[in-house]
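All of these numbers come straight from a predicted model, not from anything done at the bench.
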Amino acid sequence: MTDRARYPRLALAVVLLVMAAAFVLYGVFALLYGGDGSSATYVTLAGYRLNAHLAAAISFALGVALTLFGRSIIRATHARGVQSWTNPPTRR
């Protein structure tokens, strides 16, 4: 595999890792959000009102899933670049 074929995969992995970081950061903000303190706290996520703890759990889960997916793309890209020999050459 040529080096140029790796770049789109690595770019996709970087985008996924940045999105994962954004989801985790949103989850932290959802957990830290206190509201006015009078009742349960709600945040708006994709136009829906959700409990802040539920939104944090969803954000963390998406962040972890995207991180694992991005890491698997990076590992697969690097593994394809390594040549493995089934029968190593012998010296004569």
Show every donor-acceptor pair shorter than 3.5 Å between a side-chain atom in residues 48-70 and any protein atom, with sequence neighbours excluded, or say none if there are none.
residue	atom	partner	partner atom	Å
N51	OD1	H53	N	3.2
S59	OG	A55	O	2.9
T67	OG1	G63	O	2.7

Following the transitive rule for hydrophobic clusters with a side-chain heavy-atom cut-off under 4.5 Å over Ile, Leu, Val, Met, Phe, Trp and Tyr, establish whether V18 and L25 coincide in one cluster. no
Among V14, L16, L10, the one residue meeting side-chain contact (heavy atoms from CB on, under 4.5 Å) with L12: L16
